[in-house]
Amino acid sequence: AQAMQQRFPDLPLASATRGLVAWNNGSLPSALRWLSRAVRSMTKTPSSPRLEALIRVLYGRTFSDSGRLGQALEQFNAAHKACPLCPDPLHQQALALEEQGKNSEAIRALRQAMTLDPKKPELYFDLAKTYESAGRIQDAITMYTRYLGFDPPAELARTARSAMSALRRR
C-alpha cells in the first residue's frame, strides 16, 4: 500500500488503500488522515461512482468507529449520492442511524438497500435487529426467518434462532 501510494500520490485508490491498512491495524487517526486525502484527491482525479462510494463508505465507517456518527452519515450520504445503485452506502447509513436510535430512518434505508441487492443476507439480519429495536416483533421474526433462508454460518444462524425464540416469548 505504501509503495503504491508513493508511486501514485494523486490516485485516490492509493491513499484509500493506505487508509484501509491503517483501519485494519486499528490506527483510526492514521486511517482518517489517509482516507481524507483519498476523498480530497477525488476532486482532482475523477473516479468511477462505485470507487467513490467505496472510499466514502470506508471513510464513513472509520468515522463511525471513532464515535463520530454525524461525520459518518455525511460520508454515507455522499457515497449514496455518488452511486445511487450501490447498496453499501445505504446499509452503513442504516447502521449509523440505528445506533443513534433513529429506527424508522434506519428501516427505510435498509429496505431501500434491499431493493438494490435482495440477495445480501446481512441486510435481512440488520433489518431484523432494527425492527426488534423498534418493537416491531412480528416484522423482526419475519426478517430473521428470511435471513435463515440464506443458510448463514452456524454461529450467526444460532444468533438469529435465539433472537427469534426470545421474540416469540414476548
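Side chains are part of it too, since the values below use all heavy atoms of this structure and drop only hydrogens, waters and symmetry mates. None of the values given here were measured: they were computed from a predicted structure.
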>> With side chain to side chain contact (heavy atoms under 4.5 Å, CB included) as the criterion, how do R111 and I107 come out once you've worked through the C-alpha distance, each side chain's angles and the decisive distance to 0.1 Å?
In response: CA-CA 6 Å; R111 293 191 68 73; I107 289 167; 4.0 Å; yes
> Do L51 and L90 share a hydrophobic cluster (ILVMFWY, side-chain heavy atoms under 4.5 Å, transitive)?
Replying inline: no
>> Grouping I, L, V, M, F, W and Y whenever their side-chain heavy atoms are under 4.5 Å apart, do L54 and W23 come out in a common cluster?
In response: yes
Look up atom [atom1] in [X] and atom [atom2] in [Y], then write down how far apart they are to the nearest 0.5 Å.
X: F63; Y: S36; atom1: CZ; atom2: OG; answer: 7.0 Å
X: T145; Y: R161; atom1: OG1; atom2: CZ; answer: 10.0 Å
X: L35; Y: Q75; atom1: CG; atom2: CD; answer: 9.0 Å
X: M164; Y: I137; atom1: CE; atom2: CD1; answer: 12.5 Å
X: L20; Y: N25; atom1: CG; atom2: CG; answer: 9.5 Å
X: Q93; Y: E74; atom1: CD; atom2: CD; answer: 12.0 Å

Do you know which two heavy atoms are closest between [X] and [Y], and how far apart they sit?
X: P84; Y: L116; answer: O-CD1, 3.5 Å
X: S66; Y: L28; answer: OG-CD1, 3.6 Å
X: Y124; Y: P118; answer: OH-O, 2.8 Å
X: P49; Y: C83; answer: O-CB, 3.6 Å
X: A38; Y: I55; answer: CB-CG2, 3.9 Å
X: D117; Y: P87; answer: CB-CG, 3.7 Å

Flag for [Y]-[X]: side-chain donor and acceptor within less than 3.5 Å:
X: R158; Y: S162; answer: no
X: Y144; Y: E132; answer: yes
X: E98; Y: S133; answer: yes

>> My understanding is that only one of H80, K120, R56 makes a side chain to side chain donor-acceptor pair (under 3.5 Å) with D88; could you say which?
In response: K120
Can you find a pair of side-chain heavy atoms, one from [X] and one from [Y], that are under 4.5 Å apart?
X: Y59; Y: L32; value: yes
X: V21; Y: R18; value: no
X: L69; Y: S64; value: yes
X: L97; Y: Q100; value: yes
X: E155; Y: P153; value: no
X: S30; Y: W34; value: yes
X: T159; Y: F125; value: yes

> Please walk me through it: do Q138 and Y131 pass side chain to side chain contact (heavy atoms under 4.5 Å, CB included)?
Replying inline: CA-CA 9 Å; Q138 192 53 51; Y131 276 144; over 6 Å; no
>> Please evaluate residues Y147 and L127 with respect to the criterion side chain to side chain contact (heavy atoms under 4.5 Å, CB included), reporting the C-alpha separation (whole Å), side-chain torsions for both, the decisive distance (0.1 Å), and the verdict.
In response: CA-CA 10 Å; Y147 171 72; L127 183 56; over 6 Å; no
> Counting only heavy atoms not in R146, do more than 12 sit closer than 6.0 Å to its CZ atom?
Replying inline: no
>> Does M143 form a side chain to side chain contact (heavy atoms under 4.5 Å, CB included) with M114? I'd like the steps, not just the answer.
In response: CA-CA 12 Å; M143 284 302 125; M114 287 170 70; 4.1 Å; yes
>> So does P12 get a backbone contact from the side chain of S15, meaning a donor-acceptor N/O pair under 3.5 Å?
In response: no
